[in-house]
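What follows is a set of notes on a single structure, which appears directly below.
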Amino acid sequence: MSADVRHVADGTYLVHGGQTNWVLLTDGDAVTLVDTGYPGDRRALLDSLAAVGSSPEAVVAVLITHAHNDHLGSAEYLGATHGTPVLLHEAEVPHARGDFLQQVSVGTVLRNAWRPGVLPWTVHVLRTGGARRHPVTAPAPFPAGGALDLPGRPVPVHTPGHTDGHCVYHLPDAGVVISGDALVSGHALSRIQGPQLLPDLFHHDRTRAIASLDVIAGLEGDLLLPGHGPAHRGPVKDAADRARERAF
C-alpha cells in the first residue's frame with residue numbers, strides 16, 4: 001500500500017493508511033509523528049515520511065493518541081530501531097506497555113459478525129497484524145503543562161472514554177485538532193459519514209467518550225484530523241456537537 005499524504009495546513013500532513021490515519025507535523029526535515037497505523041502500514045508510514053522530505057531518523061517523537069493496535073503499530077519499531085521517544089498520556093503508558101488491554105475483544109467482534117462491514121474489516125485487521133499485541137518497551141508520559149517542545153507545538157488534551165488515557169492534540173496557532181478516536185469522520189463499520197463517535201463496541205467507556213466531546217468542543221479550530229475518515233473542515237465545536245447528537 002502506498003502512502004496517501006494530504007497537505008492540510010502549514011507544516012501539517014494527514015496520511016491515510018489502510019483504515020487508520022496518522023499525522024506528520026514538520027519543521028524543516030524534523031517531524032512529530034502522531035500515531036503510526038497498523039503494523040502492516042509500516043511501509044506506507046516510511047513512504048509518508050519520505051514524501052514530506054523527512055526520514056525515520058528525523059522523527060523527534062512519536063505521540064500516541066491511544067494504545068490500540070491500529071495506532072500503535074510501528075511505535076516500538078521506531079523506538080527500538082531509531083531511539084525515537086514514544087509519548088502518551090500518563091494513564092495510557094501502562095496500556096502501551098501491555099500491562100492491560102482496553103480494546104474490543106475477539107468475542108465481541110464475533111457476536112457482531114452479522115453487521116455490515118464487520119467481516120471485511122476483520123480480514124483487514126488480521127492481514128495488517130492488528131489482532132496481535134504490539135507493546136512498546138519504554139513508553140513515557142509527555143511533560144505536563146501546555147504545548148510540547150516538538151515540531152508543530154502540539155498541546156495534549158485528555159479525552160478519556162475510548163480508552164482511559166486517550167488524548168487529542170491541539171494546534172492552536174493552526175486551528176487544528178488531531179482527534180484520534182475520540183471524534184472521527186468515518187469508519188469501515190459505520191454507515192454514516194461526517195463527525196461521529198466510533199461504533200459503541202470500540203469504546204472502553206462510552207459515557208466518558210460522549211463527555212469528552214464537550215472537551216473537544218471547547219478547543220478553538222476549524223480543521224479536524226481524525227484517526228478514521230477524511231479531514232473535516234468547519235468549526236471543531238460544530239463537529240463535536242454533531243457527533244453528540246448522533247450518539248443518542
Side-chain angles (χ1 to χ4, degrees), residues 17 19-23 32-42 45 59 61-81 83-109 121 125-126 128-145 148 150 154-170 177-184 187 189 197-213 215-216 225-228:
Q19 291 189 8
T20 306
N21 304 331
W22 56 90
V23 175
T32 301
L33 172 61
V34 184
D35 288 341
T36 70
Y38 281 104
D41 290 331
R42 184 168 303 157
L45 175 65
V59 177
V62 177
L63 295 180
I64 299 295
T65 59
H66 64 292
H68 283 168
N69 289 340
D70 56 333
H71 297 258
L72 200 65
S74 288
E76 174 64 8
Y77 163 78
L78 290 167
T81 306
T84 314
V86 178
L87 307 177
L88 313 88
H89 187 274
E90 61 181 358
E92 200 72 1
V93 167
H95 195 193
R97 203 166 47 222
D99 296 357
F100 56 82
L101 183 64
Q102 293 180 343
Q103 187 160 314
V104 63
S105 68
V106 173
T108 298
V109 172
W121 172 79
V125 170
L126 294 173
T128 53
R132 299 189 301 272
R133 301 290 295 275
H134 298 275
V136 177
T137 302
F142 44 66
L148 302 178
L150 298 170
V155 179
V157 180
H158 189 206
T159 49
H162 186 64
T163 65
D164 285 346
H166 189 289
C167 269
V168 306
Y169 295 97
H170 186 206
V177 175
I178 303 168
S179 59
D181 284 4
L183 175 57
V184 302
H187 190 269
L189 303 193
L197 287 177
L198 284 171
D200 291 352
L201 73 162
F202 292 116
H203 297 300
H204 178 66
D205 186 333
R206 184 177 184 272
T207 299
R208 293 182 80 193
I210 293 172
S212 285
L213 291 173
V215 177
I216 297 172
L225 304 181
H228 303 273

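Annotation: side chain to side chain donor-acceptor pair (under 3.5 Å) contacts of Ser74 (sequence neighbours excluded): Arg42. With sequence neighbours excluded, the residues satisfying side chain to side chain contact (heavy atoms under 4.5 Å, CB included) with Thr20 are Tyr38, Asp70, His71, His228. Qualifying ring-ring contact (aromatic ring centres under 6.0 Å, His included) partners for His170, counting only residues two or more places apart in sequence or in other chains: none. Every residue two or more places apart in sequence or in another chain was checked for a ring-ring contact (aromatic ring centres under 6.0 Å, His included) with His204, and none qualifies. The salt bridge (Lys or Arg N to Asp or Glu O under 4.0 Å) test applied to Asp200 returns Arg206, not counting sequence neighbours. A search for side chain to side chain donor-acceptor pair (under 3.5 Å) contacts involving Thr81 returns nothing, not counting sequence neighbours. Not counting sequence neighbours, the partners of Tyr77 by the ring-ring contact (aromatic ring centres under 6.0 Å, His included) test are His82. Scored by the side chain to side chain donor-acceptor pair (under 3.5 Å) test, Asn21 finds His16 as partners (sequence neighbours excluded).
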Full working for side-chain contact (heavy atoms from CB on, under 4.5 Å) between His89 and Asp164: CA-CA 9 Å; His89 187 274; Asp164 285 346; over 6 Å; no
Derivation of the side-chain contact (heavy atoms from CB on, under 4.5 Å) call for Leu197 and Leu213: CA-CA 9 Å; Leu197 287 177; Leu213 291 173; 4.1 Å; yes
Criterion side-chain contact (heavy atoms from CB on, under 4.5 Å) on Val136 and Leu72, from CA distance to verdict: CA-CA 8 Å; Val136 177; Leu72 200 65; 3.8 Å; yes
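In terms of heavy atoms, Tyr169 sits closest to Leu87 at OH-O, 4.2 Å. Minimum heavy-atom separation, Phe100 to Ala91: CZ-O, 4.2 Å. Minimum interatomic distance between Val93 and Ala140 (heavy atoms only, all atoms of both residues): CG2-C, 3.7 Å. Contact between Ala75 and Ile64 at its shortest, heavy atoms only, is CB-CD1, 4.3 Å. When all heavy atoms are compared, the tightest approach of His203 to Asp181 is CE1-O, 4.2 Å. Across Phe142 and Cys167, no two heavy atoms sit closer than the pair CZ-SG, 3.7 Å.
Counting heavy atoms from C-beta on, the side chains of His134 and Glu76 never come closer than 4.5 Å. At least one side-chain heavy atom of Leu33 sits less than 4.5 Å from a side-chain heavy atom of Leu78. Side chains of Thr163 and His68 form a contact here, defined as non-hydrogen atoms less than 4.5 Å apart. Within the 4.5 Å cutoff, the side chain of Asp205 has no heavy atoms near those of the Pro160 side chain.
Judged purely by atom type and a 3.5 angstrom limit, Asp35 uses its side chain to pair as donor or acceptor with the backbone of Thr65.
Phe202 has its ring centre less than 6.0 Å from the ring centre of His187.
Each of Ile178, Ile216, Leu225 was evaluated against Val168; a single residue qualifies, Ile216, per the side chain to side chain contact (heavy atoms under 4.5 Å, CB included) test. Of the residues listed (Leu63, Val59, Leu45, Asp41), the one engaging Thr36 in a side chain to side chain contact (heavy atoms under 4.5 Å, CB included) is Leu45, and it is the only one.
Applying the salt bridge (charged side-chain N to carboxylate O under 4.0 Å, His left out) definition to pairs two or more places apart or across chains, those involving residues 83-98 are Arg97-Asp99.
Aromatic ring orientation, His162 versus His66: perpendicular (interplanar angle above 60°, classes split at 30° and 60°).
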